[in-house]
Amino acid sequence: MALMAGLRVPARALLRSGCWLRGAALAGAEAAAGLGAGVRRFGSQRVLVEPDPAAGVAVVKLKSPPVNSLSLELLTELVISLEKLDNDKTFRGIVLTSDLCGVFSAGLDLTELCGRSPAHYAEYWRALQELWLRLYLSGLVSVAAVNGASPAGGCLLCLSCDYRVLADSPSCVIGPNETRLGIVAPFWFKDCMVNTVGHRAAEQALQLGTLFPPAEALRVGLVDQVVPEDQVQSTALAAMARWLAIPDHARQLTKSMMRKPTADRLAKHREADVQSFVSFVSRDSIQKALQTYLEKLKQKG
Ligand SMILES: CCCCCCCCC/C=C/C(=O)SCCNC(=O)CCNC(=O)[C@H](O)C(C)(C)COP(=O)(O)OP(=O)(O)OC[C@H]1O[C@@H](n2cnc3c(N)ncnc32)[C@H](O)[C@@H]1OP(=O)(O)O
């Protein structure tokens with residue numbers, strides 16, 4: 001089971017993830033055959049990049065079983081992949097999706113938030129900030145192909161892209177459920193919600209910790225399209241073609257004009273934001289709430 005080496009997940013979770021195993025087999029076959037004319041996948045253990053240089057697009061797949069929770073390792077690997085693609089003139093756009101079955105991303109990895117040191121919490125929060133700033137301000141067109149559940153941090157990953165396509169399946173819920181865990185979304189998450197769905201809808205969703213099913217997510221404007229599960233990636237690529245029809249320089253300057261004021265609110269106060277998170281998460285009451293939530297999740301599994 002060389003595939004499982006280094007992963008912090010039980011074998012049963014991997015076995016449950018049938019489509020991940022199928023994906024792994026396919027990855028092997030494609031790597032052996034080469035993708036297209038000498039084009040090969042690249043990436044890392046937890047982030048698979050499928051480049052289409054002719055189209056100028058790369059499909060970036062999260063593959064950190066069982067649920068693509070945002071561990072420090074996944075955050076680091078994703079930032080490195082995005083940086084590489086941002087700096088490579090071959091690419092003008094990315095489609096961000098999941099290589100797992102039924103889950104886009106479970107949001108923050110709760111094991112990173114329980115029983116660790118203040119220094120660890122600080123390192124972890126800095127990595128989250130880094131990923132958000134990189135994705136939110138990326139010069140690349142970013143389309144989220146949301147092929148599974150996307151709570152909390154998973155929702156922010158999607159909101160940081162330029163366009164969102166969600167699979168029409170009851171399990172594909174998306175939204176800011178932080179308050180249900182007894183924690184608070186940071187102001188930069190709140191700002192992204194407000195920018196996407198407006199103040200009133202953001203206020204309600206953030207306070208109530210709403211996870212929207214697909215039709216509701218579309219109605220409120222959290223996602224741009226809802227399509228059958230097997231059409232998520234092709235629809236995302238079709239949307240990408242519309243965005244790539246616009247000259248890069250004009251689109252990028254417009255994106256920056258729209259997003260920089262929001263990003264600057266964090267960029268100018270990063271360390272204060274880190275310290276505020278560390279003191280919040282270190283509280284006994286928050287530690288207890290997170291541990292209880294994590295135990296409930298494990299019992300369910
Ligand atoms: C732009 C930058 C962003 C920047 C982001 C900045 C945002 C800051 C605020 C964000 C806060 C958060 O994200 S807080 C996190 C919120 N996330 C959640 O509430 C999601 C909780 N998870 C779920 O609801 C479900 O697991 C779901 C994702 C739907 C998948 O359901 P499934 O039935 O397929 O899987 P399960 O059986 O539940 O889970 C499989 C295993 O994964 C574990 N697991 C599940 N979620 C986990 C999690 N978040 N962290 C750790 N471990 C988790 C379970 O305990 C199980 O462990 P074993 O039993 O050992 O196998």
Side-chain angles (χ1 to χ4, degrees), residues 7-20 60 62 64-76 78-79 82 96 98 100-116 121 124-138 142 144 146-161 164 169-193 206 209-211 213 259 262-263 266 273-274 276-277 280-281 286 289-301:
L7 294 175
R8 288 185 297 167
V9 292
R12 78 179 158 83
L14 286 177
L15 292 170
R16 196 182 48 131
S17 176
C19 72
W20 180 75
V60 177
L62 307 179
S64 186
V67 290
N68 283 335
S69 59
L70 299 171
S71 62
L72 193 52
E73 292 87 350
L74 178 56
L75 293 172
T76 307
L78 190 50
V79 166
L82 292 176
L96 182 63
S98 165
L100 309 183
C101 223
V103 184
F104 178 79
S105 166
L108 302 196
D109 188 324
L110 297 169
T111 64
E112 302 277 11
L113 305 183
C114 289
R116 307 289 195 105
Y121 299 141
Y124 182 62
W125 201 251
R126 283 190 196 102
L128 284 165
Q129 292 177 334
E130 188 66 30
L131 174 60
W132 180 66
L133 288 168
R134 174 155 290 281
L135 185 58
Y136 192 63
L137 294 176
S138 172
S142 52
V146 192
N147 52 348
S150 199
C155 175
L156 184 54
L157 260 183
C158 301
L159 290 182
S160 308
C161 293
R164 288 160 284 285
S169 154
S171 64
C172 291
V173 291
I174 180 168
N177 68 326
E178 283 86 347
T179 52
R180 291 184 185 217
L181 284 70
I183 60 172
V184 181
F187 70 85
W188 29 290
F189 193 153
K190 179 267 294 173
D191 289 345
C192 267
M193 278 292 289
L206 283 160
T210 311
L211 285 174
R259 295 190 168 200
T262 302
L266 175 63
D273 183 60
V274 169
S276 148
F277 171 74
F280 176 78
V281 81
I286 301 303
L290 288 173
Q291 259 146 20
T292 306
Y293 188 80
L294 197 50
E295 268 151 33
K296 269 195 198 141
L297 273 177
K298 288 193 179 305
Q299 277 160 18
K300 188 197 89 179

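Note: hydrogens, waters and symmetry copies are ignored here, and every other heavy atom, side chains too, is used. In this text the structure is predicted, and so the values were computed from the model without any measurement. As the structure lists them, so they are numbered: ligands from 1, and atoms in each ligand from 1.
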Can you tell me how far apart CG (Leu75) and CD (Glu112) are? Round to the nearest 0.5 Å. 7.5 Å

In terms of side-chain heavy atoms, does Asp109 have a donor or acceptor partner in Ser69 at a distance below 3.5 Å? yes

N/O separation below 3.5 Å, Glu178 to ligand 1: no

Run the numbers on Thr76 and Glu130 for side-chain contact (heavy atoms from CB on, under 4.5 Å), then give the verdict. CA-CA 9 Å; Thr76 307; Glu130 188 66 30; over 6 Å; no

Which of the atoms in ligand 1, numbered in the order shown and given with their element, are less than 4.0 Å from a heavy-atom of Tyr293? 18 (C), 19 (O), 21 (C)

Is there any N or O on Ala106 that sits under 3.5 Å from an N or O of ligand 1? yes

Compute the shortest N/O to N/O distance between Trp132 and ligand 1 and return yes if it is under 3.5 Å, no if not. no

Inter-residue atom distance Lys296.NZ - Leu181.CG, 0.5 Å rounding: 9.5 Å

Taking non-hydrogen atoms only, is Tyr136 closer than 4.0 angstrom to ligand 1 via side chain, backbone, both or neither? neither

Consider every N or O of Ser160 and every N or O of ligand 1, then say whether any pair is closer than 3.5 Å. no

Does Arg259 use its side chain to pair, donor to acceptor, with the backbone of Ser138 at less than 3.5 Å? no

Tell me if a side-chain donor or acceptor on Thr179 pairs with a main-chain N or O of Gly209 at a distance below 3.5 Å. yes

Contacting atoms of ligand 1, where contact means under 4.0 angstrom from a heavy atom of Gly107: 13 (O)

Could a heavy atom of Gly102 be found less than 4.0 Å from some atom of ligand 1? no

Per-atom filter on ligand 1: closer than 4.0 angstrom to a heavy atom of Leu131 are 2 (C)

When you measure from atom 43 (C) of ligand 1 to each heavy atom in Leu100, Leu211, Val67, which option holds the nearest one? Val67

Quick one: look at Leu110 and ligand 1, take heavy-atom pairs under 4.0 Å, and tell me if it's side chain, backbone, both or neither. both

In this structure, CD1 of Ile286 is separated from CG of Leu113 (nearest 0.5 Å) by 11.0 Å

Please work out whether any backbone atom (N, CA, C, O) or any side-chain heavy atom from C-beta onward of Asn177 is under 4.0 Å from ligand 1, and answer side chain, backbone, both or neither. side chain

In terms of atom number and element, which parts of ligand 1 are under 4.0 angstrom from non-hydrogen atoms of Leu181? 14 (S), 15 (C), 16 (C), 19 (O)

Any side-chain to backbone donor/acceptor pair from Arg116 onto Thr111? Under 3.5 Å, distance only. yes

Leu157 CG to Asn68 CG distance, which is reported to the nearest 0.5 Å: 9.5 Å

Within the 4.0 Å heavy-atom shell around Asp109, which atoms of ligand 1 are there? 50 (N), 51 (C)

Please report whether ligand 1 has a polar contact with Lys300, defined as an N or O pair separated by less than 3.5 Å (distance criterion only). yes

Using 30° and 60° as the class boundaries, would you call the ring planes of Phe277 and Tyr121 parallel, tilted or perpendicular? perpendicular

What part of Phe104, side chain, backbone, both or neither, has a heavy atom within less than 4.0 angstrom of ligand 1? neither

Would you give the length of the straight line joining atom CH2 of Trp188 to atom OG of Ser160, rounded to the nearest 0.5 angstrom? 8.5 Å

Under 4.0 Å between heavy atoms, the region of Pro186 that gets near ligand 1 turns out to be side chain

Numbered in order shown, the ligand 1 atoms found under 4.0 Å of a heavy atom of Leu156 are 4 (C), 5 (C), 6 (C)

Would you check whether Leu135 has a nitrogen or oxygen atom less than 3.5 angstrom from a nitrogen or oxygen atom of ligand 1? no

Can you tell me how far CG of Leu156 sits from SG of Cys161, rounded to the nearest 0.5 angstrom? 9.5 Å

Are any of the heavy atoms in Trp125 under 4.0 Å away from ligand 1? yes

Considering all heavy atoms, the nearest Phe189-Pro176 contact: CZ-CB, 4.0 Å

For ligand 1, which atoms, with element, lie under 4.0 Å from some heavy atom of Pro66? 41 (C), 42 (O)

For Leu128, atoms of ligand 1 separated by under 4.0 Å from a heavy atom: 4 (C), 5 (C)

